[in-house]
Amino acid sequence: MKKFFLVVILAFALCVTSCGIKTTESLTICTEPEYTPIINTLISCYNKVYPEVEFKILTLPSEAEEREAAIKRIQTQTMAGEGPDIFLLPAQYESDDIESREPLFSNINKVMSSGVLLDLTPYLEEDKSFQRENYQKAILQSGVYEGKQYVLPLCYQIPVLFLKENVASAIHLEEKVSSWSFEELQKFMSGQSDPGIHYIGCAWNRMTTQDYLASCIDYPNKDLQLSEKDIFEILSSEQRFLEKYPIYEKALKENMGYLAENAVLLEDPRDGVYPQETEDYETGVFLLQKNKEGKVLGRVAVYTAVSRTCAFPEEAFQFVKLFLDPGFQSGDFLTIKTKDNKPLSGIYDQVFHKNIPICKDAWTEWMQHQSSYSIPEDAFASFKKAVDYVDHGILCSEVDHYTYNLLKPLYEGDGINLEETAEVLYEFYDKTAKE
């Protein structure tokens, strides 16, 4: 009889566990300290709709030694399927918002190929509120590996040159948005006498050269799309170009007046693109630079992803999807409905204000937030066309950092050994592609 009652009790307990009482739904988010205010805000909104989900924020330490230990631990746990459920991280460090630190993932392209991230494609396809065409295509595609969306890029940067109408007219530029090749830029600069234009060209070329070299790795095919000779020729052309014009840093100090008055290099699209007169937006010209393959490159600034071993993938997806919400992307109200829905402009500006939202519907509202609504909506047509000109997205990695440091002497006027630098870069890129 005792045995019978024991069996009944065990059966009842099993039934209650499997059918009635659920285990706590808990998600751990790994991020940088700068992003915790945004995450806390979104958790508060999320829990209004999904109160059963609990969150833990795992913040990466800022102190170098402590950070190194934490990164090794999290990387090991992630590879073993025991790490954080959600990642919200910058794709590049050493910016105005994120200081130089060791990244959790030195190369997110490699992480996508390792199988540790969740393929979000089926979740996106089943979500009727998500329309891929509403997002900048090339940037969103940069988070795809072998047809699977492992990473969700949230915002990006592009070097854009904005010329006021008088400057554009002087060089016979009439199309409101144009893209130039290296050769076209160098030819344009050679015909100019104003050192301010020389400075802009040098800075612009530097950004595109670095991005182009770092983007030559074909990760899915483990292939390098440039030969050592190709790299040498690019560097040789760059050195010949720089010999004619002021050194980057020196020119910046000498030509600030001209730049502020006539033309602005908008690596941060907000800097200087608030002309005193609204007409400047409507009559000026936006220029973007093409690489040697004819593509305009855009750098992913911040991304999110979900671990493949996350115990609650649907709940995790619903959370990361908030980062793509048009209301969040614009710094306005989340489209998720809550009783005390509040504007996000203040909290959003703390992190994403210097980057272009990936959501197209957010562009006008986002830029108007940045200008305190001093520029009318119809003045943004050219700007929106310019930021959508990107046709190749880059997920930055240690490759970009390595390239930048190796080429830095070239732009500071110290010069480099072209053959040796081309060989070193080729070997580094080739090893990265194949390992």
Side-chain angles (χ1 to χ4, degrees), residues 26-47 53-79 82-108 111 116-117 143 151-157 267-268 270 299-307 310 315-316 319-325 328-329 331 334 342-358 366 369-370 395-398 400-401 404:
S26 179
L27 296 172
T28 299
I29 305 172
C30 180
T31 191
E32 293 289 350
E34 290 85 349
Y35 296 169
T36 54
I38 277 187
I39 291 175
N40 281 320
T41 299
L42 292 187
I43 288 175
S44 177
C45 295
Y46 181 91
N47 280 151
V53 182
E54 295 181 358
F55 289 88
K56 176 184 177 182
I57 301 178
L58 177 61
T59 305
L60 294 169
S62 298
E63 194 277 321
E65 188 172 337
E66 184 182 357
R67 184 180 181 89
E68 182 180 2
I71 284 176
K72 288 181 179 179
R73 181 178 66 254
I74 295 170
Q75 288 176 341
T76 301
Q77 291 172 342
T78 299
M79 294 303 293
E82 301 171 353
D85 301 294
I86 296 171
F87 302 95
L88 176 66
L89 298 167
Q92 54 184 345
Y93 290 78
E94 287 190 283
S95 68
D96 290 338
D97 298 313
I98 301 292
E99 64 185 36
S100 179
R101 300 171 188 155
E102 179 185 358
L104 176 62
F105 301 126
S106 60
N107 194 327
I108 189 63
V111 177
V116 300
L117 298 179
V151 167
L152 293 178
L154 304 181
C155 47
Y156 63 105
Q157 298 174 346
E267 186 179 16
D268 168 359
R270 300 186 320 147
R299 282 173 265 139
V300 174
V302 184
Y303 68 88
T304 187
V306 177
S307 171
C310 175
E315 289 80 354
F319 183 78
V320 299
K321 196 183 71 168
L322 291 179
F323 292 113
L324 294 178
D325 185 285
F328 172 78
Q329 289 263 313
L334 280 172
K342 298 178 181 179
L344 299 166
S345 56
I347 197 79
Y348 179 93
D349 286 351
Q350 293 180 22
V351 179
F352 295 131
H353 68 286
K354 290 199 171 184
N355 306 307
I356 305 164
I358 190 176
W366 170 74
H369 270 307
Q370 311 311 319
L395 278 167
C396 294
S397 67
E398 86 277 8
D400 306 78
H401 189 68
Y404 172 82

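The residues of the chain are indexed from 1 along the displayed sequence. Just the heavy atoms: all of them, side chains too, but no hydrogens, waters or symmetry mates, feed the values below.
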Just by modelled atom types, is the Ala301 backbone N or O under 3.5 Å from a matching donor or acceptor in the Asn355 side chain?
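Not a single qualifying donor-acceptor pair exists.
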Determine whether Ile74 and Cys30 make a side-chain contact, defined as any pair of heavy atoms from C-beta on separated by less than 4.5 Å.
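In contact.
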I need the minimum non-hydrogen distance between Pro153 and Leu324, along with the two atoms involved.
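Pro153 and Leu324 have their closest heavy atoms at O-CD2, 3.9 Å.
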Exam field: side chain Thr31 to backbone Leu88, donor-acceptor pair closer than 3.5 Å:
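Pair found, side chain donor or acceptor close to backbone of Leu88.
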Measuring from Ile38:CD1 to Leu154:CG, what's the distance to the nearest 0.5 Å?
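One finds 9.5 Å between CD1 of Ile38 and CG of Leu154.
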With a 4.5 Å cut-off on side-chain heavy atoms, are Ile29 and Phe55 touching?
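Yes, at least one pair of side-chain atoms sits under 4.5 Å.
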If you compare all heavy atoms of Ser307 against all heavy atoms of Pro84, which two are closest, and at what distance to 0.1 Å?
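Closest approach of Ser307 to Pro84, heavy atoms only: CB-O, 3.2 Å.
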Take Val306 and Leu152, measure what side-chain contact (heavy atoms from CB on, under 4.5 Å) needs, and give me the verdict at the end.
CA-CA 9 Å; Val306 177; Leu152 293 178; over 6 Å; no
Quick one: list whatever passes side chain to side chain contact (heavy atoms under 4.5 Å, CB included) with Ala305, sequence neighbours left out.
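With sequence neighbours excluded, Ala305 shows a side chain to side chain contact (heavy atoms under 4.5 Å, CB included) to Leu117, Val151, given in chain and number order.
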Under 3.5 Å, is there a donor-acceptor pair between the side chain of Ser44 and the main chain of Asn40?
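No, Ser44 side chain to Asn40 backbone: no donor-acceptor pair under 3.5 Å.
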For the atom pair CG (Asp85) and NZ (Lys56), what is the distance rounded to the nearest 0.5 Å?
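NZ of Lys56 is found 10.5 Å from CG of Asp85.
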Pair Arg101 + Glu34, salt bridge at N-O below 4.0 Å
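A salt bridge links Arg101 with Glu34.
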Identify, with sequence neighbours excluded, every residue that meets side chain to side chain contact (heavy atoms under 4.5 Å, CB included) alongside Glu65.
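Testing Glu65 for side chain to side chain contact (heavy atoms under 4.5 Å, CB included), a comparison that skips the adjacent residues, returns Glu63.
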Spacing of CG belonging to Leu322 relative to SG belonging to Cys45, to within rounding of 0.5 Å:
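Result: 7.5 Å between the selected atoms.
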Find out whether Tyr35 and Leu89 are in side-chain contact, i.e. whether some heavy atom of one side chain is under 4.5 Å from a heavy atom of the other.
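No, too far: nothing below the 4.5 Å cut-off.
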Non-hydrogen side-chain atoms of Cys155 and Ile358 separated by less than 4.5 Å
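Heavy-atom side-chain distance check fails, nothing below 4.5 Å.
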Spatial distance of atom SG (Cys396) from atom CD1 (Ile108) [nearest 0.5 Å]:
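Here the rounded value is 12.0 Å.
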Under the salt bridge (charged side-chain N to carboxylate O under 4.0 Å, His left out) rule, collect the residues that match up with Arg67, sequence neighbours excluded.
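Once residues adjacent in sequence are excluded, the partners of Arg67 under the salt bridge (charged side-chain N to carboxylate O under 4.0 Å, His left out) criterion are Glu32.
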Could you state the interatomic distance from CD (Glu315) to OG (Ser26), rounded to the nearest 0.5 Å?
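OG of Ser26 is found 11.0 Å from CD of Glu315.
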State the CZ-CG distance between Arg299 and Leu395, to the nearest 0.5 angstrom.
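It comes to 12.5 Å.
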Hey, are the side chains of Thr59 and Thr36 touching, using non-hydrogen atoms and a 4.5 Å cut-off?
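A side-chain contact under 4.5 Å exists here.
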Is any side-chain heavy atom of Met79 closer than 4.5 Å to a side-chain heavy atom of Val116?
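Yes, close enough: below the 4.5 Å cut-off.
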Report the residues that fulfil ring-ring contact (aromatic ring centres under 6.0 Å, His included) with Phe87, sequence neighbours left out, ordered by chain and then residue number.
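Here the qualifying residues are Phe105.
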Test your reading of the model: is there a side-chain donor-acceptor pair from Gln329 to the backbone of Phe323, 3.5 Å cut-off?
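Flag set: sc Gln329 to bb Phe323 pair under 3.5 Å.
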Who passes salt bridge (charged side-chain N to carboxylate O under 4.0 Å, His left out) against Glu82, sequence neighbours left out?
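Not a single residue meets the salt bridge (charged side-chain N to carboxylate O under 4.0 Å, His left out) criterion with Glu82.
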Set of side-chain hydrogen bond (donor to acceptor under 3.5 Å, both in side chains) partners for Thr304, sequence neighbours left out:
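None.
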